[in-house]
Amino acid sequence: SSTPSTGTSTGSQKQIRIGAIYLDSQGYYGGVKAGVQGAAKASGMNVKFIETNPGGDVSKESDFMNTLVSSGVDAIIISAASADSSVAAIKQAFNAGIPVICYNTCVNDAATKKYVSAYVIGDPLKFGQQLGEAAVKEFTAAKIDAPKMGVLNCEQYEVCKLRFQGFKDAMMKGLPGTEFVANQEGAEVDKAVPVAEQMLTANPDINGLYGEAGGATIGAYKAVGTANKVGKIFVFGSDMTTEIATELNKGDVLKSVVDISGLGVGKLAWAAVEKSLKGTKSATVQAPITLYSPAEAANWLTTHADGLP
Amino acid sequence: MTRLSSNTTLVNVVGLLGAIILLYVYLSSSATGFLNLSNQLGLLRQAALVGVAATGMTLVIIAGEIDVSVGPAVALSSVIVAESVHNWGLPTIVAIIVTIIFAVTWGAVAGALRARFRVPSFIATLGLWSILRGIGQFWTNAIPVPLPDSDPIMNVLAGSIFGVPTPAWGMIIIFLVIAFVARRTSYGRSVFAIGGNAAAARLAGINVARVRIILFATMGLLAAISGIFLAARLGSGNAGAADGLEFDVIAAVVIGGTAMSGGRGSLIGTFLGVIFITLIGNGLVLLGVNSFLQNVIRGAIIVAAVLLNVTLSRRRSSQSED
Amino acid sequence: MTRLSSNTTLVNVVGLLGAIILLYVYLSSSATGFLNLSNQLGLLRQAALVGVAATGMTLVIIAGEIDVSVGPAVALSSVIVAESVHNWGLPTIVAIIVTIIFAVTWGAVAGALRARFRVPSFIATLGLWSILRGIGQFWTNAIPVPLPDSDPIMNVLAGSIFGVPTPAWGMIIIFLVIAFVARRTSYGRSVFAIGGNAAAARLAGINVARVRIILFATMGLLAAISGIFLAARLGSGNAGAADGLEFDVIAAVVIGGTAMSGGRGSLIGTFLGVIFITLIGNGLVLLGVNSFLQNVIRGAIIVAAVLLNVTLSRRRSSQSED
Amino acid sequence: MVTTTDSAGREIIAQAVSVTRKYPGVTALDSVDFEIHAGEVRALLGQNGAGKSTLIRLLSGVDVPSSGTIRIGGRDLGTEGVRGATERGVATCYQELSLVAELTVAENFFLGRWPKGRFGIDSSAMINKARQTLARLGSDIDPTVEAGNLTLAQQQIVEIARALQDEPKLLILDEPTSALAHAEVALVLETVRRVAATGVAVIYVSHRMDEIRQIAESATIMRNGRVIDTVKVGESDTAAIIRLMLGTDPNAQKVVNPTREFGDVMLEVKNLTVLPKVTDVSFAARAGEIVGIAGLLGSGRSELLRAIAGFDRLDSGTVLVAGIAQSHPTAKLMRKAGIGLTPEDRKREGVLLNLGIDENIVMSDFAAVSRGGILSSSRIRKSAQDLAKRFQIKAHDLSEPIETLSGGNQQKAVIARWIHAGARVLLLDEPTRGVDVEAKGQIYAIMRAVADQGKTVVFVSSEVEELPLACDRVLVLRDGAIQQEFTAPDINLSELLEASMASHV
Ligand SMILES: Nc1ncnc2c1ncn2[C@@H]1O[C@H](COP(=O)(O)OP(=O)(O)OP(=O)(O)O)[C@@H](O)[C@H]1O
Ligand SMILES: Nc1ncnc2c1ncn2[C@@H]1O[C@H](COP(=O)(O)OP(=O)(O)OP(=O)(O)O)[C@@H](O)[C@H]1O
Ligand SMILES: [Mg+2]
Ligand SMILES: [Mg+2]
């Protein structure tokens with residue numbers, strides 16, 4: 001028995017139309033979608049989602065925003081494709097009086113302050129930083145004070161660059177001898193696996209691999225297995241999925257995984273939507289960044305039985 | 001004159017018009033906000049990105065060729081214009097000219113590969129597709145290159161003239177120009193002649209190689225124009241933008257009744273094709289269809305439209321087997 | 001019999017072998033770890049993903065057609081096999097059969113669109129490209145579908161037999177089978193005949209429509225095989241996998257000397273083409289080249305290779321203009 | 001100084017001076033000297049591959065010589081190409097039809113040099129001029145229809161009219177009549193005569209001696225890329241000219257032996273209709289018999305054959321093969337029943353240029369040269385060699401691509417294909433089109449040899465004069481039905497022609 005929402009009679013509820021823009025077609029956004037839609041349903045309102053997926057392309061994002069704004073949706077939740085290039089799109093919604101709720105990524109600070117009514121932030125710098133700190137701990141425990149690191153990146157997306165920045169900063173701070181010897185693209189798992197294998201071939205002295213996204217993480221630990229370096233190379237990964245949690249549970253290769261729960265972000269985003277519908281701005285909402293160690297993997301698997309991150 | 005394949009074109013144009021009207025009727029009743037003026041103007045703006053390139057692509061396909069490099073060409077053009085202003089400090093108008101020169105040059109190179117060295121255009125432009133995308137991303141590190149906020153030319157390009165979005169004006173003018181070129185100039189008729197029978201065109205003294213080079217250089221020019229509009233609209237140059245644009249452009253052209261085998265096609269058909277697929281895209285979003293499912297529907301519609309075209313035009317022409 | 005365009009093929013094969021040897025010499029000296037056994041085996045494993053589909057694509061292109069739907073077809077196949085095991089609880093072997101049936105069916109549908117309804121194969125498979133990718137993503141919500149860790153069949157498919165990766169065995173066997181089919185069966189010769197002159201082939205009593213349907217159904221079968229290997233290797237079915245695979249597959253085939261205009265080509269050429277582009281990809285990563293720059297280089301190499309092929313084969317054959 | 005007149009004082013329009021043109025592997029022209037004067041009609045004769053078309057391509061600027069010079073209007077053509085030659089008054093109808101099917105007749109008329117008006121291309125001027133020029137040739141073809149919708153004969157006339165429209169000084173016609181029936185041939189010949197009378201030089205290539213006698217004053221005879229001789233047509237008999245072309249004595253052509261015994265009815269066609277051209281055709285042909293089918297161009301002979309072979313759908317009627325009825329013949333069924341068709345357009349529908357000669361022969365029945373579903377090289381070689389020998393296909397290596405063969409030998413290979421498939425009924429559509437004299441004789445002989453083995457041959461030809469040479473019986477197709485029948489030896493040319501044309505005259 002939820003509290004009746006404002007301004008709607010229980011009998012024939014006015015339909016609320018929400019525009020939802022998912023950054024690209026990664027599973028993470030499946031989690032967000034489930035989170036936001038689940039929360040909307042639980043709220044008891046009559047909500048219709050108009051959703052789109054511009055595949056990380058700002059030009060498509062701009063088209064979609066245009067469509068959403070001109071069709072007069074009640075609110076828009078968005079993971080912006082670019083800090084600077086998405087400003088025009090978000091401004092357009094703002095000018096039309098439609099509240100915009102960023103999640104995961106957003107536009108630059110100035111524009112966020114001006115045009116965005118809430119930002120469910122999963123700060124990518126902090127995201128990388130927490131994992132970097134975990135890596136420092138792990139290497140220190142293993143008495144490696146100048147680790148050689150390989151990176152599997154997803155740097156066609158700006159957010160990944162920031163993740164790396166955070167990770168790198170934390171490692172250089174904790175272990176100034178750290179050296180990043182290789183950095184290759186491997187956002188999708190099918191590409192990440194061979195690229196990681198080749199990286200280990202070209203740099204046999206690597207001590208650790210950093211996966212900036214889910215696919216990259218899988219590529220990294222699979223390559224370590226193939227190269228028979230289990231126990232010699234540590235993998236630090238991003239984004240939990242059933243597969244990654246299962247691997248983490250073993251604890252021999254994958255040492256820690258940093259994650260912002262898509263479901264969690266979705267719930268927070270919905271909360272921000274509800275607030276903004278009442279006309280309140282909530283500025284930034286910190287989405288919890290969680291660091292998982294092997295010991296916590298099993299728990300994740302039980303609480304996420306349906307596989308949605 | 002040139003009641004070019006008048007029967008097929010007519011059937012196709014009427015069919016598309018019918019489909020567009022049906023879409024309008026359906027969407028106005030089921031998709032909230034569809035008939036809003038702002039949505040209609042937005043539609044035009046979206047149509048422009050596909051439409052500008054589709055004009056040139058119509059000629060390319062009529063000539064029996066294909067260009068699959070449109071998306072990366074548009075993206076790189078947006079990067080060039082932004083870099084010219086942002087990093088090289090060129091005045092906007094010079095930046096625009098520089099962008100056009102670059103794009104026309106790479107288009108002409110692709111054309112020369114086809115015309116002089118007989119590299120199939122599918123391969124030449126597939127290579128270009130990879131090269132242009134790579135150059136843009138490498139150059140900018142995949143980070144958007146901002147344009148100054150207050151640039152008056154860019155503001156006009158991003159805005160509206162007489163209430164209609166500037167890119168839509170651009171698209172309409174380009175359609176009129178290319179339609180005129182196609183029907184009323186030697187160059188345009190040469191394109192049809194080459195697509196219909198390249199050997200005969202050569203024997204008649206038409207400079208086939210030159211026409212082919214111009215075709216692809218024109219594609220470069222149009223990509224530059226689209227790229228500049230895009231940069232103006234986004235306020236930045238983006239190496240990753242216009243992803244998969246070639247899919248929509250080719251789809252619009254073939255839905256518009258231009259034959260992949262060359263020799264037949266019309267700009268009016270392409271125009272309707274552009275409107276049709278823009279409407280479908282817009283409608284699917286407004287109806288709240290799952291975004292992955294939208295891919296399925298769009299794929300099915302292009303196949304169905306071409307299937308219909310082929311079947312109708314086959315009924316009317318002689319049964320030439322191949 | 002059938003020393004098909006033997007001169008051109010020979011020039012091409014020798015040229016590619018030379019290029020591959022040069023690459024080996026260069027990479028062994030400059031790319032650390034290139035000559036490692038594990039890297040060499042890894043190379044074979046990577047080659048398999050491109051190679052399996054490239055065998056079928058060779059026949060498709062020889063027949064004068066094209067299939068651009070390979071990437072999504074492989075990805076959806078990996079999803080089907082994983083869903084069959086994970087969600088429907090089918091035994092692995094049944095899941096594999098189910099996957100093959102699905103993939104062969106959609107291939108045959110594309111083939112029928114081409115053969116019976118004359119939808120150009122580029123359009124039919126472009127539509128399929130969008131449809132298959134959309135289905136996979138819609139079905140799985142773009143979340144990987146995990147396979148059980150301990151499945152013995154999948155472990156064999158992901159592992160090695162006699163030290164050589166299983167997918168590499170698969171690729172080699174498929175190459176031998178298809179090369180045999182191409183040269184020594186009436187189906188294979190019919191493919192060449194249709195690519196050379198479809199009208200003449202029909203009048204000579206060849207069932208052109210059936211051959212075309214089988215061609216695309218075979219592409220479906222090969223995509224299923226690649227998808228199953230991929231799922232085994234990744235331990236999951238991924239709707240977003242094999243993005244842009246069609247680029248590499250088509251590139252390997254045309255680098256291998258198969259003519260886009262149909263009628264000419266060889267499986268040995270394609271095999272070397274697959275090795276060549278896999279080496280390039282491997283070398284660029286080992287040398288630590290920026291991943292965006294890799295796109296530029298790959299694009300340039302495919303254009304250069306085809307340019308060389310076309311120029312060499314033109315010198316030797318009569319100057320048939322088109 | 002370059003001479004620009006001949007001894008009779010007539011201006012030299014075009015000249016080839018010791019011209020050689022080499023293609024990879026062939027010398028198509030070997031130090032050829034050639035000149036033609038104003039007002040002269042010169043026939044260019046020679047077997048397939050003698051180099052006639054190559055010489056023409058050089059004179060019209062499409063191709064350039066490997067050595068030697070081409071002079072048009074007294075000046076070297078150099079690399080000025082088609083445009084240069086056109087500006088100096090050379091107009092050419094090429095052997096391959098060179099119209100763009102998707103463009104209108106008027107646009108084809110001005111292909112590559114469309115007249116400019118104030119608003120782009122001036123279409124009304126274009127249409128008017130085209131209509132006028134066509135009218136001068138006595139043709140009422142509508143200039144606004146697409147060229148692809150015209151019949152082959154109409155297309156040929158459009159091409160000739162196009163060549164004539166800007167009053168050339170040299171008109172080159174490369175086999176303009178090989179696709180035409182008699183009425184149209186007469187029209188073309190009349191046109192040539194009229195044009196020559198105005199002082200235009202004409203080069204005329206044809207394999208038909210009777211046409212040449214009607215219009216040409218002199219003939220240049222080529223063989224193996226060389227000019228052998230130039231003779232006055234009026235002063236040389238045909239046998240002498242053919243001797244020059246072949247380099248040997250022509251074997252006298254035998255007219256059909258009238259007293260023959262035929263076997264059972266092998267092919268029977270009852271009330272066959274394929275709309276719109278074929279409305280009601282019935283005939284029967286026996287084993288051992290060669291049945292000719294005469295008719296004007298467009299009378300529907302090709303449709304008839306294609307329908308019998310199952311490639312076109314019947315609107316009504318029945319086809320019986322060896323007494324077994326097929327009311328809905330498909331290509332597959334008819335092939336099984338033993339019917340083989342060789343198409344009229346050899347290059348476009350007959351040969352597979354990218355495959356070997358051997359494969360071109362065995363492709364009609366791969367199963368016959370397979371072992372357990374796998375093609376056997378030795379069986380292919382054996383079958384192909386046997387047939388090549390029987391059909392006198394001149395090739396030193398049967399695995400070479402068939403494009404290395406001359407037209408006549410390609411045609412023999414296409415016919416051999418159906419013998420390999422074990423066909424009992426051979427439908428030959430214009431098997432002698434564009435084939436030289438020697439090869440024609442060989443094709444007649446092949447037909448006879450095949451018939452003597454108890455097979456049935458149906459022979460369609462637009463060269464009426466060859467029907468009496470080859471056929472036991474000739475049927476005349478007109479207005480969609482068989483109108484008349486002639487039996488050897490009473491096959492009379494003029495009666496045949498009259499029967500074909502009856503309703504048109
Ligand atoms: N483009 C070419 N490439 C290679 N060989 C050629 C080419 N054109 C002609 N030939 C060869 O040159 C020779 C002369 O050919 P040409 O076409 O001039 O003969 P023709 O006398 O016109 O024969 P036909 O009566 O069959 O038309 C032939 O052996 C032919 O195969
Ligand atoms: N589908 C087609 N496309 C183009 N041309 C065609 C087609 N069908 C027939 N023709 C041409 O139209 C002409 C007349 O048609 P048709 O074949 O019915 O007459 P025909 O009596 O067999 O003529 P022919 O004497 O050429 O054999 C033929 O020369 C043929 O080449
Ligand atoms: Mg000739
Ligand atoms: Mg005919």
Practice item. Could you tell me whether Lys168(A) atom NZ has more than 12 heavy atoms of other residues or ligands within 6.0 Å of it? Key: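 Not more than 12 within 6.0 Å, no.
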**Study point:** Counterpart residues, side-chain contact (heavy atoms from CB on, under 4.5 Å), relative to Val164(B) (two or more places apart)
**Key:**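 Listed in chain order: Leu44(B), Ala168(B), Trp169(B).
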Exercise for review: Under 4.5 Å, counting heavy-atom pairs only, tell me which of Arg17(A), Glu61(A), Lys48(A), Lys33(A) racks up the most with chain B.
Suggested key: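 Most heavy-atom pairs within the cutoff with chain B belong to Arg17(A).
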Exercise for review: Among Val69(A), Leu68(A), Val58(A), single out the residue with the greatest number of heavy-atom pairs under 4.5 Å to chain B.
Suggested key: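 Of the candidates given, the most pairs with chain B belong to Val58(A).
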Exercise for review: Go through the steps to decide whether Ile18(A) and Ile76(A) satisfy the test side-chain contact (heavy atoms from CB on, under 4.5 Å), and finish with yes or no.
Suggested key: CA-CA 6 Å; Ile18(A) 304 293; Ile76(A) 293 170; over 6 Å; no
**Study point:** Contact origin within Ser82(A) toward chain B - heavy atom pairs under 4.5 Å
**Key:**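 Only the side chain of Ser82(A) comes within 4.5 Å of chain B.
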Point to revise | Winner by heavy-atom pair count (cut-off under 4.5 Å) against chain A, out of Pro144(B), Pro146(B), Gly281(B) | key: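 Of the candidates given, the most pairs with chain A belong to Pro144(B).
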Review point. Between Arg45(B), Arg233(B), Gln137(B), Gln40(B), which residue shows the highest count of heavy-atom pairs closer than 4.5 Å to chain A?
Key: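 Of the candidates given, the most pairs with chain A belong to Arg233(B).
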Review point. Can Ser276(A) and Ser117(A) be counted as having a side-chain donor-acceptor contact under 3.5 angstrom?
Key: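 Looking only at side-chain atoms, Ser117(A) and Ser276(A) do not form any donor-acceptor pair under 3.5 Å.
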Review point. With respect to chain A, which residue among Leu287(B), Leu286(B), Leu230(B) yields the maximal number of heavy-atom pairs within a distance under 4.5 Å?
Key: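 Among Leu287(B), Leu286(B), Leu230(B), the one with the most close pairs to chain A is Leu286(B).
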Exercise for review: Flag the one option from Val87(A), Asp84(A), Thr52(A) with the top tally of heavy-atom pairs under 4.5 Å to chain B.
Suggested key: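 That would be Thr52(A).
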Review point. Using a distance-only test with no angle check, is there a side-chain donor-acceptor pair under 3.5 angstrom linking Ser69(B) and Glu246(B)?
Key: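 The answer is no; no qualifying pair exists.
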Exercise for review: Against chain A, work out which of Thr32(B), Val285(B), Leu37(B) has the most heavy-atom pairs shorter than 4.5 Å and name it.
Suggested key: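 Top count of heavy-atom pairs under 4.5 Å with chain A: Thr32(B).
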Review point. Contact part of Asn295(B) toward chain A, heavy-atom cut-off under 4.5 Å: side chain, backbone, both or neither?
Key: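 Looking at Asn295(B), nothing touches chain A.
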Review point. Does a side chain donor of either Thr67(A) or Gln46(B) reach within less than 3.5 Å of an acceptor in the other side chain?
Key: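 Note: Thr67(A) and Gln46(B) side chains meet the donor-acceptor criterion.
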Review point. Is the closest side-chain heavy-atom distance between Val116(A) and Ile101(A) below 4.5 Å?
Key: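 No - every pair of side-chain heavy atoms lies 4.5 Å or more apart.
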Practice item. Can you tell which part of Glu155(A) gets under 4.5 Å to a heavy atom of chain B, answering side chain, backbone, both or neither? Key: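 It is the backbone, since no side chain atom gets that close.
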Practice item. Give the member of Leu41(B), Leu234(B), Val74(B) that has the highest number of heavy-atom pairs under 4.5 Å with chain A. Key: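 It is Leu234(B).
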Practice item. Using non-hydrogen atoms and a 4.5 Å limit, figure out which bit of Asp243(B) sits close to chain A: side chain, backbone, both or neither. Key: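 For Asp243(B), the contact with chain A is made by backbone and side chain together.
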**Study point:** Donor-acceptor pair between Trp270(A) and Gln37(A) side chains, under 3.5 angstrom
**Key:**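 Gln37(A) and Trp270(A) do not have a side-chain donor-acceptor pair below 3.5 Å.
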